[in-house]
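What follows is a set of notes on a single structure, which appears directly below.
For ligands, and for the atoms within them, numbers begin at 1 and follow the listed sequence. This structure is a prediction, so every number in the text was calculated from the model and none was measured.
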Amino acid sequence: MPTVGNEEERIFYLTQVEIHTAFTPALQALIRAQEAVQNDDPYALEQELQLMINAFFSISELVLQQIDPNPYSKTYVDQVIWAKTVAPFAVPVVPNRPGPSGTASPVFHLMDAFLSRPRYDAVLGHEANKLADLSPRHWRDFIAAVRQISIRDYIFSTNKASLKGTFDTLLEAYAGDKGYLGAHRLKAHGFLEIAFKAGRSVTIGGFKGLFREKTWKQIDSELSLTRQERYLGLPQHYDIVRPSSGQLISQGDRNWIGMIQLKIQGQGIFYRAGDRCGILPENSDALIRETLNALQAQGIEQVALNQQWQYAIQLRAGYAGERHYLSIEELLRFGKIRPLTREMARMLYRITRADALRQLLEAQLEDQLELWDALRLIGAAGFDTRRFWKADSWDEENLCHLIPPETYRPYSIASATNADESLHLTITGLDYTSPGSLGSAIVPAKPRHGTASSFIRRLIEHPEANPEVSVRIVPAPRFHLPEDAARPIVMVAAGSGIAPFLGFLQAREVQPEAGENWLFYGTQTTSELFRHPEIHSMVTSGRLALRVAFSQEDSHLVFKDGAFLTEPGQRAHIDKRLDEEAEILWQLIRPVAYGGREAYFYICGRAHFANTVTEAFKKVIRRYTQDDDQAQQLFYRLVADRRYLLDVFTTYSGPASAVKQTFDASEVVLHDNESAGYWMVLSGKVYDLTEFVNLHPGGKRILANNMGIDATGAYHAVLHHARPEVDSLLGLYEIGAIRRLQFGNSWAVGIGPNGLFYFTLEEAFTTWVRALYLVTEMENAIRSDFDFFARATTRDELHGELTPLKIHLAVEAHKRFLSTFLAGFLDEEVQTLWAVTTGLFDKQVSIQAMRREIDRIASLRAATLVHESSEAVQNAIEALKISTGMARQTWFQVLGGWCQRIRVANVECFTNLKMAVREGVQCFEQYEGQTMRHGYEPLMLAMNHITTAIETYYIALSATLEPLLKQIGQPVGPTPQDHPQEMLTTLLGHGSRIDVGDITGDTFTHSEVLFLDEQ
Ligand SMILES: Cc1cc2nc3c(=O)[nH]c(=O)nc-3n(C[C@H](O)[C@H](O)[C@H](O)COP(=O)(O)OP(=O)(O)OC[C@H]3O[C@@H](n4cnc5c(N)ncnc54)[C@H](O)[C@@H]3O)c2cc1C
């Protein structure tokens, strides 16, 4: 039963219904699974668990994704409209009554019972329990019956590896990072952040709850806690496999390509074509030996493990159970000892103060070394490197603090689902030579080998060793074959990027109904191509159209009499081949509804390759469309339809010192809008995401909210940094790094709310930059808070139509602006900036002066008028709702005018505040270590511009509001109390409408007025 009746509500709640429908096969399988346990039939049980896994993949990857924040999607849910219209109705009207919360879903209650969730201590766990008690009697009885039989206990008692593996996969598909709850958490994060920024002020609970503490993060961590509770009492999930065979396909001057098959028979490992396999690598004997020498250790010495290591070591074959010690040799085998990370280099420098390390850090060349190189430098500087393994476990010097455990490296799986009970990988080796720089004594010119790729090469070359390898399947929620197999697919790859497509081809080969297949393959020479039997057999059977570009051979590929041959030709890159097939590609791109073939496009390789291919596709689209704009829209829609999918490998963009361009924070903050483009800072690097905001699976709004700022925290909150498959996409958009400034050792003393405080010049700069990023984030949030006029908020409403509800939402947004954004910024940030700035300079400036100035501005008549206008408008909405005819039109004009002025002025206020704070930051950027000598006047001027911005805001806005408020004060129609009956019929704006044209533009136009009552 619709409440507001808009698309957001329809898609949001119908998706919940569909989730429950899609769960139905899992429900039936669940019952049969319990029967299998009663019959002591592990094989039947495994099959049922498998059905449940499939149901959860479908729920999290297809059904849930229909709530799509991408504006180009067919099932777009605008997070702002959702937050303002749908979300408030989920809050119970009567306190302590249950609302339609997700935790009430019987899917959760049932699955938790089935998988024997051991704890419900998290807040959401409590809530779920409470709501479960309120569910219908037969649900409760059923769930209680399910609880009687513990699948968990049965599986552990049978001790069958494949059953255990399948159980783990089901748990992952339900509660895992890439499973239903993980996908839900990721989606919820975006919705919650927007809801808290643009939602109702009553739910926000003050400034601190909004920007400092970021309330949505607390809810997000609750979701994470409650997810973890499902895993309690279970050993960590990992798989152990052995290689069955491997081959080196090619050995070039700079790298090699190899293939390896891993035996997965009887392990309960489940994957689909397109998924990735995480490999937990081990370091080579040679590297361990070098490091032992540099540590002056034999290798047998024992090291006490910290918690991180105790947890990580259990993922290794043969290390199950609790471990508190490892030998140094084991620690070096399983630890990250190459390349040297910045964190490790900093830590070593902090401990040893070796000058060579300082030079290395300053030159940002640390990743050209390996740990043993750094230890050598330290030893040469007179530091006894034995201290690292002799130190107590709690000591920072201890090896296990210095060396983190190695992590899984993802490799695209090159085989189809459980084909011949093995899993295939195709690997490009990473071999390079570090450049001799800083005097070769510090960074020697030495050949280096990537950890995981060289580990896999050893597995290929020494099959007799038959070692056990820790692996983990990493599902690729999007990079899969189309649901409808009849759809054509177009695959574009370079080098080992062919990997997932070998899996795709294997899968399509056994699907008689599968549509046509295209493969565009960029490779250096012919040798890499002829090793893949699946390509040969699909081309032979006429089911694969293959186009190859050889980049280092003047050859042309032909297929004659069942064999591949090469003829003399011209070396080329992949974009040339795509261009040659533009006509057919265009047909494949176009939707069926427009006479096209609606194919799915898959691109796999490194970042620059993916960029080249994307540009080539855009060129094709542009050729057949009228203009750039139409071409762009079409491309965005292709992505939103999930028909253009990327699998981008980790791409190294060179050492930080090689960054071609650097940027200052003051420049980054200007790029937070459509016209200036969208930039973001992540871990010191600058990304231009202007194009990506339209492609982001999480939607444009959430990104736009984090633009122009250092969003490392937000990026980490959604764990993108820990997902190489997501992190690697950043390579597509990197444009440079943040310039590093030198502030020397200057320091000062300031007076804050808690008395005197000491701070360095660098900390003063950081305070200003933080304020600059915060004010930018607020500017973004205010923009999005008012960005709803162009959309329909209720049923039967036209896009862009002004309604009483929209005016009411503008009133709420204005109140939030004044109380949460403006007051918060003035009370907290501005006071801190003042304390730090006055502290920097030895001048007689009163610490109270800023407070007094802000109080003076707040007491201006103009400020009172701006504050009180909301109340007047709120009352006028009631009059509008019962007015008719010309009176109604006049009300709309007056109140629409108010909305427009408020929206423009509020955003502008924060843009001006941003520019004022930016002036302060620019002062630090200009003078760096000399800021205390030259910065007094510019910084005081910047502070002055902050208060001027606020005063100007009040004065200018009040001047434009005054005539409107006068009109509001003279009622143009009957008062609401006179017509209670009519008020009811005009609830939420139905019954009257005004088409306001584009209220989101800077000029407010109302082109046409419609009076439904009179029609
Ligand atoms: C989704 C996904 C799928 C992938 N699939 C495949 C696949 O199918 N096949 C495949 O071969 N790879 C694939 N990769 C890449 C793979 O995961 C590894 O990143 C790659 O094998 C290198 O890892 P490594 O351990 O050998 O190198 P590492 O030991 O991690 O060394 C790399 C690091 O060395 C440092 N370094 C210093 N100088 C250089 C330099 N000149 N060049 C490079 N690094 C330098 C850098 O810090 C760099 O990060 C995939 C990656 C992703 C994200």
> Would you say the ring centroid of Tyr644 lies under 6.0 angstrom from that of Phe617?
Replying inline: yes
>> Show, in sequence, the C-alpha distance, side-chain angles and deciding distance for Tyr238 and Asp168, and conclude whether the side chain to side chain donor-acceptor pair (under 3.5 Å) test is met.
In response: CA-CA 9 Å; Tyr238 63 99; Asp168 284 346; over 6 Å; no
> Do any pairs count as a side-chain hydrogen bond (donor to acceptor under 3.5 Å, both in side chains) and have a residue in residues 279-292, sequence neighbours left out, and if so which ones?
Replying inline: Asp285-Arg333
> List by chain and number: which residues place a heavy atom under 4.0 Å from ligand 1?
Replying inline: Arg276, Arg338, Pro339, Asp367, Gln368, Arg409, Pro410, Tyr411, Ser412, Thr426, Ile427, Thr428, Leu430, Tyr432, Gly450, Thr451, Ala452, Ser453, Ser496, Ala499, Asp647, Val648, Phe649, Thr650, Tyr652, Pro724, Glu725, Ser728
> What salt bridge (charged side-chain N to carboxylate O under 4.0 Å, His left out) pairs are there with at least one residue in residues 401-413, not counting sequence neighbours?
Replying inline: Glu406-Arg409
> Are Phe334 and Tyr319 close enough that their ring centers fall under 6.0 Å?
Replying inline: yes
>> Suppose we screen for salt bridge (charged side-chain N to carboxylate O under 4.0 Å, His left out). Which residues come up paired with Asp68, at least two apart in sequence or across chains?
In response: Arg642
